[in-house]
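Just so you know, ligand 1 is whichever comes first in the structure, and atom 1 is the first atom listed for that ligand. Any value given below was found using the heavy atoms of this structure, including those in side chains, with hydrogens, waters and symmetry copies removed.
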Amino acid sequence: MLYADTIAAIATPPGEGGVGIVRLSGPDAPGILRRVFRPARGGDDYRPQCMRYGRVVDEDGRTVDEALAVYFKSPHSFTGEDVVELHCHGGPLPLQSVLRLVLGAGARAAEPGEFTMRAFVNGRLDLAQAEATLDIIRAKTETGLRLAIDQLGGWLSREVREIRELLLHPLAYLTALVDFPEDDVPVEDLMPPLHEAHARLARLVRSAEQGMIVRQGARAVLVGRPNAGKSSLLNALLRRERAIVTPIPGTTRDTIEEQANLGGVPVVLIDTAGIAETQDMVERIGIERSRAALALADLALLLVDRSTPLSAEDLQIAGLTHGKPTILVRTKADLAPQLDDRPLREAHPSLKAMVETSTLSGAGLDELAVTVARTLLGGAPISDAHLVTNPRHRDALFRVLEGVSATIDGLASLPADLLAIELTDALHALGEISGETIADDLLHAIFSRFCIGK
Ligand SMILES: Nc1nc2c(ncn2[C@@H]2O[C@H](COP(=O)(O)OP(=O)(O)OP(=O)(O)O)[C@@H](O)[C@H]2O)c(=O)[nH]1
Ligand SMILES: [Mg+2]
């Protein structure tokens with residue numbers, strides 16, 4: 001066992017709940033359990049993985065809480081160490097009291113992510129899997145959850161291992177060429193394993209384009225002139241009355257941001273003040289914010305009212321979305337059409353799609369959600385295949401890909417020692433994903449993003 005100390009933390013979220021858990025990990029976990037817990041029946045020999053009912057008591061034997069205790073014996077636990085969980089009443093006070101007691105009995109307060117870090121250091125999970133546990137906790141859509149569970153299952157780790165195998169042989173061969181006279185080394189064709197590694201790496205890097213959007217989401221801003229129906233559409237997509245809607249132009253004065261799940265992609269939707277010439281100072285500031293929101297967005301939803309003719313304002317606002325991937329939304333499709341938006345569409349260099357909606361009848365709303373997802377994902381539906389979702393993994397894979405490319409390109413012309421260095425660097429970058437070759441400070445940076453108790 002690598003760690004000599006025993007850590008403890010409240011593992012459940014703050015606030016009230018049916019159950020709250022204090023978790024301990026380390027060599028003294030069973031000892032601390034015996035010090036603070038009195039089983040209702042039987043002695044204090046704890047069979048692994050069996051729940052026992054009893055009381056948590058302080059130094060004077062006073063009951064602090066009634067609880068269930070469970071002991072996981074090393075190495076059969078999340079961290080690989082001896083782990084104890086005390087399932088208490090789920091309130092802040094009982095949990096803090098129990099935690100204080102446990103700390104008084106010899107444990108140390110855990111840092112954020114320290115349990116998962118121990119699981120990694122003790123070889124229970126590799127780094128990609130450890131990071132997946134955080135993605136599971138933070139998943140914003142079912143698709144994001146599926147991808148995180150996939151990663152915890154270890155597909156990326158397996159893929160990385162197999163690519164590593166493909167690269168190890170060429171590296172060994174090149175090293176032999178450096179160390180021995182050329183005539184003593186039988187000639188071998190390194191191209192097949194290098195090409196296969198290259199193809200697999202390229203596929204992984206490509207998959208990250210979708211994977212990162214599914215995991216991190218995107219920002220989509222609703223723009224259009226006053227009364228175009230932006231706030232109504234925001235509410236309809238959120239399925240609740242978030243923004244105020246009135247027939248009065250200039251209703252929305254400030255930008256409103258809300259998280260939505262559109263076709264499996266987590267999207268921050270931003271409702272804005274309708275853009276128009278105005279004397280009103282508050283409205284003017286709101287309009288400035290609309291422009292700023294547009295600048296920061298990944299996608300523009302440009303709303304034009306289908307029941308009115310196209311106006312100079314519509315064209316002016318459309319101009320602001322030029323260059324930004326844009327979906328044209330013709331609103332109020334339940335009313336008689338008056339709109340001819342051809343001039344707008346023909347002048348737009350980055351228009352991706354067009355959808356007609358009615359927030360009154362609900363028409364076009366599902367289509368809009370799917371269109372937003374599709375546009376953000378580069379025009380394709382979400383792939384069923386495994387996707388790389390983590391920018392850290394993507395960057396490392398990209399460096400490996402570059403190294404393998406350089407090796408392939410240089411095979412005929414460059415000396416073996418240079419090629420060997422190239423491949424060694426590539427293997428090093430590959431090891432960063434599984435955590436085999438990662439620097440300590442980076443490791444700490446990764447785990448510090450976790451919550452305490454995880
Ligand atoms: N018939 C019909 N009316 C709609 C529809 N969507 C919005 N409206 C009406 O249009 C008016 C303006 O809607 P809002 O959603 O407040 O428009 P907005 O673009 O947010 O307006 P500002 O906040 O002023 O920029 C309201 O009276 C809505 O009820 C629709 O799909 N059909
Ligand atoms: Mg509004």
Side-chain angles (χ1 to χ4, degrees), residues 219-260 262-263 267-297 299-322 324 326-341 344-345 348 351 353-372:
R219 295 169 69 81
V221 63
L222 297 134
V223 290
R225 67 181 149 94
N227 260 1
K230 300 177 294 296
S231 300
S232 307
L233 189 61
L234 174 83
N235 292 344
L237 290 172
L238 293 174
R239 298 193 183 86
R240 65 193 170 91
E241 300 305 306
R242 172 65 181 86
I244 299 172
V245 169
T246 75
I248 306 161
T251 300
T252 306
R253 299 262 181 129
D254 205 347
T255 49
I256 298 177
E257 290 194 20
E258 282 294 329
Q259 181 83 47
L262 300 185
V267 178
V268 176
L269 284 171
I270 304 146
D271 182 21
T272 61
I275 296 173
E277 290 299 324
T278 176
Q279 302 302 313
D280 181 311
M281 189 166 81
V282 177
E283 206 177 337
R284 227 171 38 231
I285 297 171
I287 291 169
E288 268 322 300
R289 291 196 173 176
S290 306
R291 290 173 192 267
L294 187 58
L296 290 176
L299 178 71
L301 301 183
L302 173 61
L303 276 69
V304 283
D305 183 340
R306 201 191 67 149
S307 70
T308 60
L310 191 71
S311 70
E313 271 174 338
D314 287 321
L315 283 169
Q316 193 198 337
I317 296 163
L320 298 175
T321 65
H322 284 187
K324 182 84 48 188
T326 300
I327 297 172
L328 178 64
V329 186
R330 294 189 187 133
T331 60
K332 311 190 191 181
D334 52 281
L335 301 175
Q338 294 263 344
L339 178 75
D340 175 8
D341 54 21
L344 185 156
R345 283 186 284 126
H348 205 299
L351 197 62
M354 207 270 305
V355 181
E356 300 202 344
T357 60
S358 165
T359 55
L360 219 62
S361 73
L365 295 174
D366 289 343
E367 187 194 340
L368 178 60
V370 171
T371 307
V372 167

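Ligand 1 lies under 4.0 Å from heavy atoms of P226, N227, A228, G229, K230, S231, S232, V245, T246, P247, I248, P249, G250, T251, T252, G274, K332, D334, L335, S358, T359, L360.
The neighbour count for R239 CZ, taken as heavy atoms of other residues, nucleotides or ligands under 6.0 Å away, does not exceed 12.
The residue from M354, E356, H348 that alone fulfils the side-chain contact (heavy atoms from CB on, under 4.5 Å) condition with L328 is M354. Put simply, the residue from T252, T246, T251 that forms a side chain to side chain donor-acceptor pair (under 3.5 Å) with S231 is T252.
Rounded to the nearest 0.5 Å, atoms NZ (K332) and CG (L303) are 9.5 Å apart. Put simply, OG1 on T255 and CZ on R289 are 6.0 Å apart, with the number rounded to the nearest 0.5 Å. Rounding to the nearest 0.5 Å gives a distance of 7.5 Å between CD1 of I244 and CD1 of I256.
Around the Mg ion (ligand 2), protein N, O or S atoms at less than 2.8 Å comprise S231 OG, T252 OG1.
Applying the side chain to side chain donor-acceptor pair (under 3.5 Å) criterion to S311, with sequence neighbours excluded, gives R225, D314. Residues passing the side chain to side chain donor-acceptor pair (under 3.5 Å) test with D366, sequence neighbours excluded: none.
Scanning all heavy atoms of the two residues, the minimum distance from L269 to L262 falls at CD2-CD1, 4.2 Å.
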